Amino acid sequence: MALQALHSSGVGLRRILAHFPEDLSLAFAYGSAVYRQAGPSAHQENPMLDLVFTVDDPVAWHSMNLKKNWSHYSFLKLLGPRIISSIQNNYGAGVYFNPLIRCDGKLIKYGVISTGTLIEDLLNWNNLYIAGRLQKPVKIVSMNENMALRAALDKNLRSAVTTACLMLPESFSEEDLFIEIAGLSYSGDFRMVIGEEKSKVLNIVKPNVGHFRELYESILQKDPQVVYKMHQGQLEIDKSPEGQFTQLMTLPRTLQQQINHIMDPPGRNRDVEETLLQVAQDPDCGDVVRLAISSIVRPSSIRQSTKGLFTAGMKKSVIYSSRKLNKMWKGWMRKAS
C-alpha cells in the first residue's frame with residue numbers, strides 16, 4: 001500500500017512533538033529540513049523545519065496548546081481558542097500556522113488543521129493546500145487508527161497520479177511524472193512569482209526520485225490505465241478519448257467542477273459528466289486540467305498567505321517573507337554566476 005511509504009519518524013521529530021498536546025490524528029514533517037533539495041535550499045544551514053498537526057477538535061487542542069505554548073501565537077491568542085479555531089477553519093485553506101518557533105533547539109513552523117478539513121481536501125481538493133504537501137514525500141511522525149483519514153491519504157495519491165497523467169503525453173519517464181505531481185500544488189500559486197524560486201519543483205524532485213518512487217510505485221503497478229515499465233523508469237498512459245474520459249471521471253470533485261466551469265459556456269448549464277466527455281475528446285485536455293488546477297490553487301494560496309499576516313503577526317510575517325525572498329535572491333545569484 002502506497003500509504004506505508006509515508007511512514008517514517010526519528011527521535012528528533014518525536015522530541016519536538018513532545019512539546020505539544022498529544023491529541024493528534026496525524027503529524028508529519030515536510031520540506032528541505034526533512035528531504036534534501038537542490039538549489040538554494042541545499043546550501044541552507046539549519047533550515048526551518050515544517051510540521052503539520054491534524055486534530056479532531058481544534059478548540060480543545062488550541063486551548064491546551066495556549067497553556068503550554070502561549071508565546072507561539074500572535075495577538076490572536078488574546079481572543080481565545082474558539083476565535084483561533086474559527087479563523088483556522090473558516091479562512092484561507094483551513095490551516096493555522098505558527099512560524100519561526102524555537103523548539104528543542106530547532107527553528108520550526110507548524111500548522112494546525114482539523115481532521116475533517118484535511119479529509120475533505122484529500123478527497124475533493126477543495127484547496128489543494130495540505131493535500132498538495134502530502135502528494136510529495138513527507139515524514140509521518142504520528143498517526144492514529146482513523147481509517148477514513150488513511151483511505152483519504154491513499155485516494156489523494158491516486159488522484160495525483162491520474163491528474164498528472166492527463167497532462168503528460170502518451171509515453172513519459174518516472175521523473176516527468178514526479179515533476180508533474182510535485183508541481184500540482186504550485187500551479188497558479190502566486191508565491192512561485194513572489195518569494196519562491198521558480199525552479200522549486202525541479203529542486204524538490206531531482207534529489208528525491210527514489211522517495212517519490214517509493215511513494216507511488218504500488219499505485220502505478222495497480223493502475224489499469226498505466227503501463228509501468230519499472231526497470232526502465234518509463235510509463236505509458238491510455239490517451240484515447242475513452243481512456244481520458246475514464247481518468248477524468250475519477251478526478252477529485254472540486255477539480256471536475258472547475259473543469260466544468262471553464263468549459264461550460266454561459267447559459268448552457270451542462271452537467272459535469274457531459275463536460276468531461278467533451279474534454280476527453282479535446283486535444284488540449286491536459287491544458288484544461290492544468291488551468292482548472294490553477295483556479296483552485298491560486299485563490300487558496302492568496303487567502304492562506306493573507307491569513308498568515310494575522311496568525312503569525314506582522315513582525316514574524318516580515319521576517320518569514322524576508323527569508324523566502326533571500327532564498328530566491330541567492331538562487332538567482334547562483335544561476336548568474
Side-chain angles (χ1 to χ4, degrees), residues 1-10 13-14 16-18 20-31 34-35 49-65 81 84-86 88-90 92-98 109-163 181-182 184-185 211-212 214-219 222-223 250-256 296-297 300 304:
M1 184 180 176
L3 182 57
Q4 291 173 343
L6 287 168
H7 280 279
S8 183
S9 63
L13 292 172
R14 290 198 297 272
I16 289 172
L17 210 60
F20 297 92
E22 294 180 355
D23 295 341
L24 302 174
S25 56
L26 172 68
F28 68 90
Y30 65 96
V34 179
Y35 288 106
L49 175 66
D50 296 301
L51 293 152
V52 169
F53 302 149
T54 306
V55 302
D56 291 339
D57 186 340
V59 175
W61 194 91
H62 282 295
S63 180
M64 289 185 286
N65 198 43
I84 288 172
S85 299
S86 177
Q88 172 188 309
N89 293 328
N90 299 322
V95 59
Y96 189 105
F97 279 107
N98 283 328
K109 175 184 78 175
Y110 66 93
V112 184
I113 186 170
S114 79
T115 306
T117 298
L118 177 59
I119 289 173
E120 279 290 311
D121 199 28
L122 292 167
L123 293 177
N124 299 318
W125 291 6
N126 297 343
N127 298 295
L128 198 51
Y129 199 84
I130 301 301
R133 280 148 180 75
L134 285 161
Q135 290 163 357
K136 297 175 270 290
V138 303
K139 284 191 183 292
I140 300 290
V141 190
S142 170
M143 182 159 61
N144 67 14
E145 296 300 318
N146 186 323
M147 297 310 296
L149 176 57
R150 288 170 178 262
L153 287 163
D154 195 59
K155 176 65 165 65
N156 180 49
L157 297 179
R158 288 186 278 115
S159 296
V161 168
T162 302
T163 305
I181 289 173
L184 291 175
S185 62
H211 293 301
F212 274 92
E214 185 182 3
L215 190 57
Y216 286 101
E217 186 176 79
S218 66
I219 288 173
K222 294 173 184 176
D223 192 330
T250 66
L251 292 179
R253 185 182 62 201
T254 302
L255 183 54
Q256 290 180 337
I296 296 172
V297 173
S300 170
Q304 183 62 40

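Since the model is a prediction, treat every value here as computed from it, not as a measurement. Below, all heavy atoms of this structure are taken into account, side chains as well, without hydrogens, waters or symmetry copies. Along the sequence shown, residues carry numbers from 1.
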Given Ile140 and Leu26, is the side chain to side chain contact (heavy atoms under 4.5 Å, CB included) satisfied, shown in steps?
CA-CA 8 Å; Ile140 300 290; Leu26 172 68; 3.6 Å; yes
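- Of all heavy-atom pairs between Leu251 and Thr162, the closest is CD2-CG2, 4.0 Å.
- Annotation for Tyr96 and Ile84: closest pair CE1-CG2, 3.6 Å, computed over non-hydrogen atoms.
- Here the closest non-hydrogen pair linking Thr250 and Lys155 is O-NZ, 3.6 Å.
- Taking all atoms of both residues into account, the shortest heavy-atom contact from Pro81 to Ser63 is CB-N, 3.7 Å.
- Rounding to the nearest 0.5 Å gives a distance of 9.5 Å between CG of Leu123 and CG of Leu153.
- Within the 4.5 Å cutoff, the side chain of Thr117 has no heavy atoms near those of the Gln88 side chain.
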Tell me which donor-acceptor pairs under 3.5 Å the side chains of residues 51-60 have, and how far apart each pair is, sequence neighbours excluded?
{"residue": "Asp56", "atom": "OD1", "partner": "Thr115", "partner atom": "OG1", "Å": "2.6"}
{"residue": "Asp57", "atom": "OD1", "partner": "Val59", "partner atom": "N", "Å": "3.2"}
{"residue": "Asp57", "atom": "OD1", "partner": "Ala60", "partner atom": "N", "Å": "3.2"}

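- Each of Ile296, Leu122, Leu255, Thr254 was evaluated against Leu128; a single residue qualifies, Ile296, per the side-chain contact (heavy atoms from CB on, under 4.5 Å) test.
- Here CD1 of Ile130 is found 7.5 Å from CG of Leu118. Values are rounded to the nearest 0.5 Å.
- Only one option out of Leu17, Asp50, Asn65 pairs with Tyr110 in a side-chain contact (heavy atoms from CB on, under 4.5 Å); it is Asn65.
- Of the inter-residue distances, the one linking Asn98 atom CG with Lys109 atom NZ reads 11.0 Å to the nearest 0.5 angstrom.
- Atom CD in Gln256 sits 9.5 Å away from atom CZ in Arg253 (nearest 0.5 Å).
- The aromatic rings of Tyr216 and Phe212 lie parallel to each other, their planes meeting at an angle below 30°, with 60° marking the opposite boundary.
- Note: Phe28 CZ to Met143 CE = 11.0 Å, rounded to the nearest 0.5 Å.
- For the pair Lys136 and Tyr30, the cation does not sit on the ring face, since its NZ or CZ is not both under 6.0 Å from the ring centre and inside 45° of the axis.
- Listed by chain and residue number, nothing satisfies the side chain to side chain donor-acceptor pair (under 3.5 Å) test with Asn144 (two or more places apart in sequence, or in another chain).
- Here the closest heavy-atom approach between residue Ala160 and residue Trp125 is recorded as N-CZ2, 3.8 Å.
- The CG atom of Leu13 lies 6.0 Å from the CG atom of Leu49; values are rounded to the nearest 0.5 Å.
- Contacts of Glu145 classified as salt bridge (Lys or Arg N to Asp or Glu O under 4.0 Å), with partners at least two apart in sequence or in another chain: Arg150.
- Of the listed residues (Val161, Leu215, Asn156, Thr163), just one forms a side-chain contact (heavy atoms from CB on, under 4.5 Å) with Gln135, and that residue is Asn156.
- What you find for Ile113 and Gly94 is that their closest heavy atoms are CG1-O, 3.2 Å.
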